[in-house]
There are 2 protein chains.
Amino acid sequence: MDENTYCGESNLLDIVLDSIKKISGYLEKECIKELDVEDISRELKLLEPTLTIVLSKWVPEILYLPYLKERMSFNDIKRALNVSSRVLSDKLKTLEKEGIIERTVTDENPPRVHYALTEIGGTFALALVPFLTIVKAKQRSSELPVTNHM
Amino acid sequence: MDENTYCGESNLLDIVLDSIKKISGYLEKECIKELDVEDISRELKLLEPTLTIVLSKWVPEILYLPYLKERMSFNDIKRALNVSSRVLSDKLKTLEKEGIIERTVTDENPPRVHYALTEIGGTFALALVPFLTIVKAKQRSSELPVTNHM
DNA sequence: CTGAATCCTTTATGATACTG
DNA sequence: CAGTATCATAAAGGATTCAG
């Protein structure tokens with residue numbers, strides 16, 4: 001494993017798998033027995049609006065851009081992702097409303113606009129890493145080290 | 001915090017935040033500097049097909065059902081989620097093709113069909129937990145303990 | 001019960017053009 | 001540069017019906 005475009009993720013994968021193991025252990029011991037389908041379903045319905053936003057097309061890409069750069073202009077993002085301005089505008093507005101990114105206008109002359117992840121936005125991005133890592137690992141090899149899934 | 005429908009997740013949140021912290025620390029030290037927008041963008045494009053599937057409507061819900069039950073019939077799922085059979089059928093087929101769930105037909109009389117998470121599917125579900133936990137924590141209170149996001 | 005087949009509506013996205 | 005407005009298309013979801 002040497003063409004690590006993302007970064008040395010043989011190591012990242014280890015961290016992620018370790019996290020998953022802990023979560024799995026916790027869930028197994030503490031609560032799974034008491035859950036029922038309706039609970040989870042109801043629960044996920046509450047999460048759905050946010051899920052729909054964060055996991056729609058382009059949004060993961062966007063999240064990992066400011067993550068890199070700290071702040072980017074509208075056109076920087078547009079060019080980096082090769083997305084139409086209408087779609088990008090929509091997404092940015094939605095993400096701003098959700099408090100995931102923030103838009104700042106400088107009082108320079110001419111004024112500049114830049115976007116950056118908020119703190120919660122950054123946490124969101126990081127919380128997605130385990131999932132992205134697993135997806136990637138699955139794509140790389142079908143035989144992924146497996147945690148005990150309940 | 002006592003109406004924990006999901007489960008005692010003040011504790012789960014701790015585990016998740018700890019994981020995120022480790023991931024954050026790792027990324028910060030090891031690689032973020034060397035990344036550029038095109039890399040990440042290219043990378044996420046590869047993940048996109050899977051992301052689109054797993055994060056589309058109903059799929060998280062589905063993932064957390066067999067997660068609970070180990071195996072469910074078509075109609076169990078249908079009733080639990082209150083989803084049309086066309087949509088459910090589509091989703092299940094796609095998930096099966098992706099190796100995330102598996103469909104089994106028993107040779108009873110009458111034959112029964114049931115669905116269950118595969119091992120990778122279970123890992124997927126667990127890998128989503130951090131993200132779901134963060135989303136939920138965000139909804140519960142705007143002031144979420146924050147990791148240093150780069 | 002487990003779907004497949006149809007049809008219809010809604011939502012998401014894309015392309016293009018245009019403005020302060 | 002940072003968008004908005006408009007139009008067109010595609011993709012996803014929902015409702016209903018029917019069959020083995």
Side-chain angles (χ1 to χ4, degrees), chain A residues 37 41 44-45 47-63 65-66 69-98 100-117, chain B residues 37 41 44-45 47-63 65-66 69 71-98 100-116:
Chain A
V37 171
S41 190
L44 282 166
K45 276 196 204 343
L47 302 183
E48 212 208 282
T50 309
L51 288 179
T52 302
I53 292 166
V54 176
L55 305 172
S56 66
K57 205 175 178 190
W58 299 118
V59 172
E61 280 85 344
I62 292 171
L63 287 187
L65 288 177
K69 291 266 194 183
E70 293 238 319
R71 62 184 50 171
M72 292 178 82
S73 73
F74 186 88
N75 271 297
D76 284 344
I77 303 176
K78 185 165 149 54
R79 264 179 281 107
L81 300 181
N82 196 26
V83 60
S84 79
S85 51
R86 199 197 59 73
V87 171
L88 182 57
S89 181
D90 279 3
K91 298 291 181 178
L92 292 176
K93 260 184 287 186
T94 306
L95 289 173
E96 194 191 357
K97 213 173 298 169
E98 280 287 309
I100 291 170
I101 61 173
E102 66 182 354
R103 196 187 102 115
T104 315
V105 182
T106 69
D107 48 2
E108 301 169 318
N109 204 325
R112 305 213 148 253
V113 179
H114 61 246
Y115 294 89
L117 278 183
Chain B
V37 171
S41 190
L44 283 166
K45 275 196 203 344
L47 303 183
E48 212 208 284
T50 309
L51 289 180
T52 303
I53 292 166
V54 176
L55 305 173
S56 66
K57 205 175 177 189
W58 299 119
V59 173
E61 279 85 344
I62 292 171
L63 288 186
L65 288 177
K69 290 265 196 185
R71 61 184 51 170
M72 293 179 82
S73 73
F74 186 89
N75 269 297
D76 285 344
I77 303 176
K78 184 165 149 56
R79 264 180 281 107
L81 301 181
N82 196 26
V83 59
S84 79
S85 52
R86 197 196 61 73
V87 171
L88 181 56
S89 181
D90 278 4
K91 298 291 181 179
L92 292 176
K93 259 184 291 186
T94 306
L95 289 174
E96 195 191 354
K97 214 173 297 171
E98 279 288 308
I100 290 170
I101 61 173
E102 65 183 351
R103 195 188 104 116
T104 315
V105 183
T106 68
D107 48 3
E108 300 168 317
N109 204 326
R112 305 212 148 256
V113 179
H114 61 248
Y115 294 89

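Please read all numbers here as calculations on a predicted model, not as lab measurements.
- Picking from D:dA2, C:dT13, C:dA15 the nucleotide with the shortest atom distance to the side chain of A:R103 gives D:dA2.
- Two residues are said to be in side-chain contact when any heavy atoms from C-beta on lie closer than 4.5 Å; B:K78 and B:S85 meet this criterion.
- Of the side-chain N and O atoms in B:Y115, one or more sit less than 4.0 angstrom from OP1 or OP2 of C:dG3.
- Side chains of B:L92 and B:F74 form a contact here, defined as non-hydrogen atoms less than 4.5 Å apart.
- Remark: the backbone N or O of B:R86 is not paired with any side-chain donor or acceptor of B:S89 at under 3.5 angstrom.
- The CG atom of B:L55 sits 15 Å away from the P atom of C:dA12 (whole-angstrom rounding).
- Here C:dT2 presents its C1' atom at 11 Å from CZ of B:R112, a figure rounded to the nearest Å.
- To the nearest angstrom, P of D:dC1 lies 14 Å from CD of A:E108.
- Donor-acceptor pairing under 3.5 Å, judged by distance alone, is absent between the side chain of A:R86 and the base of D:dG3.
- At whole-Å resolution of the value, NZ in A:K91 and C1' in C:dT13 are 8 Å apart.
- The distance between atom CZ of B:F74 and atom P of C:dA4, rounded to the nearest whole Å, is 8 Å.
- Atom CD in A:E48 sits roughly 13 Å away from atom C1' in D:dA12 (whole-Å rounding).
- In the interface, the side chain of B:S85 is not paired with the base of C:dT2 through any donor and acceptor atom under 3.5 Å apart.
- Considering only heavy atoms from C-beta on, A:S56 comes within 4.5 Å of A:K91 through its side chain.
- Taking for each of A:S73 and B:V83 the nucleotide of DNA chain D with the nearest heavy atom, the 5'-most of the two is the partner of A:S73.
- One atom, CG of B:L92, and another, P of C:dG3, lie 8 Å apart when rounded to the nearest Å.
- Residue A:K57 is classed as a sugar-phosphate contact, given heavy-atom separations below 4.0 Å to backbone atoms only.
- What separates CG of A:D90 from P of C:dT13 is a distance of 9 Å, to the nearest Å.
- Of all nucleotides listed (C:dT13, D:dG3, C:dG3), C:dT13 comes nearest to the side chain of A:S56.
- Along DNA chain C, the nucleotide nearest A:T52 and the nucleotide nearest A:K78 are compared for position; the residue whose nucleotide lies closer to the 5' end is A:T52.
- Just one residue in the list B:I77, B:L81, B:N75 forms a side-chain contact (heavy atoms from CB on, under 4.5 Å) with B:R79, and that residue is B:N75.
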